[in-house]
> 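Got a structure for you, questions after.
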There are 2 protein chains.
Amino acid sequence: MTLDERIALLGQSITFSSLTEEEMVELAGLCRIRSLNAGEYVFMEGEEPDWLYMVAEGRVKVLKHSSQGKEFIISFFGPGEMFGEVAIFQNRPYPASAQAVSELKVIAIKRDDFHTFLRNRPETVFRMIHVLSGRLRDAQVRLRDLAAERVEQRLARVLIMLASRLGPVLPFTRQEIADMVGTTPETTIRLMSKLKEAGIIASSRGRTEIVDEARLRELSEGLQPM
Amino acid sequence: MTLDERIALLGQSITFSSLTEEEMVELAGLCRIRSLNAGEYVFMEGEEPDWLYMVAEGRVKVLKHSSQGKEFIISFFGPGEMFGEVAIFQNRPYPASAQAVSELKVIAIKRDDFHTFLRNRPETVFRMIHVLSGRLRDAQVRLRDLAAERVEQRLARVLIMLASRLGPVLPFTRQEIADMVGTTPETTIRLMSKLKEAGIIASSRGRTEIVDEARLRELSEGLQPM
DNA sequence: CGCCTATTTGAAAACCGTCAAAGTATGTGG
DNA sequence: CCACATACTTTGACGGTTTTCAAATAGGCG
């Protein structure tokens, strides 16, 4: 992959889009590209944090396993989005695993190189703080939801959240949705079947489309249980 | 409150303890002090983020309300700890409310003043990133726990987490613990009564002491249900 | 077609929340 | 010092939501 291609990929990122031409060249020079097949892990929870990653092509899911081996999906990331940054900034093991969902290309930057690069780029540092703050905000909303809302509302909220990031057509299996909502595939299926009957969503194998977002929003507020 | 007193308070914070004498003086000059009684709110979810706060004396709890009005406690903060920073960095409304648990004194710094102060303090900025990263890491652990662990294990983990920050004697009511675990006071009482009988904790009104942390850890792993 | 994976459905049980009521500590004012 | 108010704690019974287990069906791909 050429330098120009790497620069183009970096430009997809909100964090780096403000860099000057020279800075882009410098950063691109620090990058490695890794290609992975679906199911392969970019890193595993507990590994030493040597690299910061950004998605170039495809999607990655960041997840944690429970004590009984069930997995919880913390987030999906697509092109231009960064992951692994918590470990990098704390210089402690990755707190979660990152797994390729589809064919995946990621840009990897060595921890020390990145820290050096940031040293005199306050603008970039503030953008990273902005990203971290946004993730913390999202995490707090989900914490509250998991602690206090029932599955039906959590499901509605996850679907809304995904639709706001990816558009109305969502490429996820029932299992993946269940792992984001924090429930079982069976419960997800039962609830989504009701949503389907009510004409709120349409869905087939590994694909869900939000048809009536307004009603989904009502459900997510718990105003009127189905 | 004198400038020197404010400087002493700022020095309690990990984030600011690395500042030079002059920087401390400058920052202390930007601070206001607010005193609140137990139960009063420092800020409410949804308000405009004009101030960054740090606890000077007492404790504050940061919480969100569910759609049914139940509250979920995101975190407690004590002297030297910062809160409200997510809103400040994003310049969006506070994502949660902050309420005084006891008599409380907080240091408040105006958003714009703080941003100006940070502009040429890369060291301080990196410390803030470190704090944010740690909170995100903690949030991810709790997300996984809420999504995949049963109440008994979540309770054990919350107690362990609190003990690691505050020592073995915890000044919380059953209600507060329930609001951190994401359950009801009744369930909390039932489980804690069992922990008491088993000699794992001792507790009285508004106070819980971890006696046998090793066994609590076993419970938190779900190795042997009680 | 045949295999693999995803989806669906059913029945039973576990977990936990809700509701109601009573008991117990803490502090306040008379 | 006692009576009372208040808030926290405890207990029991019940019911609903959700998980678990099991089995069957359906869709996609070589």
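Residue numbers begin at 1 in each chain, while the letters A, B, ... track the order of the sequences. Every value quoted in this text rests on a predicted model; they were computed, and no experiment measured them.
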> Any donor-acceptor pair under 3.5 Å linking the side chain of R127(B) with the backbone of F16(B)?
no
> Using the ring-ring contact (aromatic ring centres under 6.0 Å, His included) criterion, which residues pair with Y94(B)? Sequence neighbours excluded.
F43(B)
> So what is the end-to-end bend of the helix from dC1(C)-dG30(D) to dG30(C)-dC1(D), with 5 pairs used at each end and the value given to 10 degrees?
30°
> Among residues two or more places apart or on two chains, list those pairs meeting salt bridge (charged side-chain N to carboxylate O under 4.0 Å, His left out) that have a residue in residues 69-81 of chain B.
K61(B)-E71(B), E81(B)-R165(B)
> Can you list everything that forms a side-chain hydrogen bond (donor to acceptor under 3.5 Å, both in side chains) with S67(A)? Sequence neighbours excluded, please.
E149(B), Q153(B)
> Could you list, one pair per line, each protein nitrogen or oxygen that sits under 3.5 Å from a nitrogen or oxygen of nucleotides 28-30 of chain D, together with the distance?
none

> Side-chain polar contacts of residues 197-208 of chain B - donor-acceptor pairs under 3.5 angstrom, sequence neighbours left out - could you list them?
| unit_1 | atom_1 | unit_2 | atom_2 | d |
| --- | --- | --- | --- | --- |
| S203(B) | OG | R174(B) | NH1 | 3.2 |
| S203(B) | OG | R174(B) | NH2 | 2.5 |
| R207(B) | NH2 | E209(B) | OE1 | 2.9 |

> Tell me, please, the opening and closing nucleotides of DNA chain C, 5' to 3', among those with an atom under 4.0 angstrom from a non-hydrogen atom of chain B.
dC15(C) to dT26(C)
> For I189(A) and for V151(B), find the nucleotide of DNA chain C with the closest heavy atom, then tell me which residue's nucleotide is more 5'.
I189(A)
> Looking at the side chain of R150(B), which of dT9(D), dT20(D), dT18(D) is the nearest nucleotide?
dT20(D)
> How would you list all residue pairs meeting side-chain hydrogen bond (donor to acceptor under 3.5 Å, both in side chains) that involve residues 131-144 of chain A, not counting sequence neighbours?
E85(A)-R135(A), R137(A)-Q90(B)
> Only pairs at least two apart or in different chains count here, so list each ring pair (Phe, Tyr, Trp, His ring centres under 6.0 Å) that has a residue in residues 176-219 of chain A.
none
> Could you name each residue pair satisfying salt bridge (charged side-chain N to carboxylate O under 4.0 Å, His left out) that touches residues 91-102 of chain B, not counting sequence neighbours?
none
> Has the side chain of T187(B) got a donor or acceptor atom that lies under 3.5 Å from a matching backbone atom of T184(B)?
no
> Scan R190(A) against the nucleic acid and name what it touches under 4.0 Å (heavy atoms): base, sugar-phosphate only, or nothing.
base
> Heavy atoms only, 4.0 Å cut-off, all strands: where does T187(A) land among base, sugar-phosphate and nothing?
base
> Please figure out whether E186(B) or R154(A) has its closest DNA chain D nucleotide nearer the 5' end.
E186(B)
> Between K196(A) and G182(B), which residue's closest nucleotide on DNA chain C lies nearer the 5′ terminus?
K196(A)
> Does any pair with a residue in residues 141-196 of chain A pass ring pair (Phe, Tyr, Trp, His ring centres under 6.0 Å), and if so which ones, sequence neighbours excluded?
F76(A)-F172(A)
> Not counting sequence neighbours, list each pair that qualifies as a side-chain hydrogen bond (donor to acceptor under 3.5 Å, both in side chains) and has a residue in residues 35-45 of chain A.
E45(A)-K64(A)
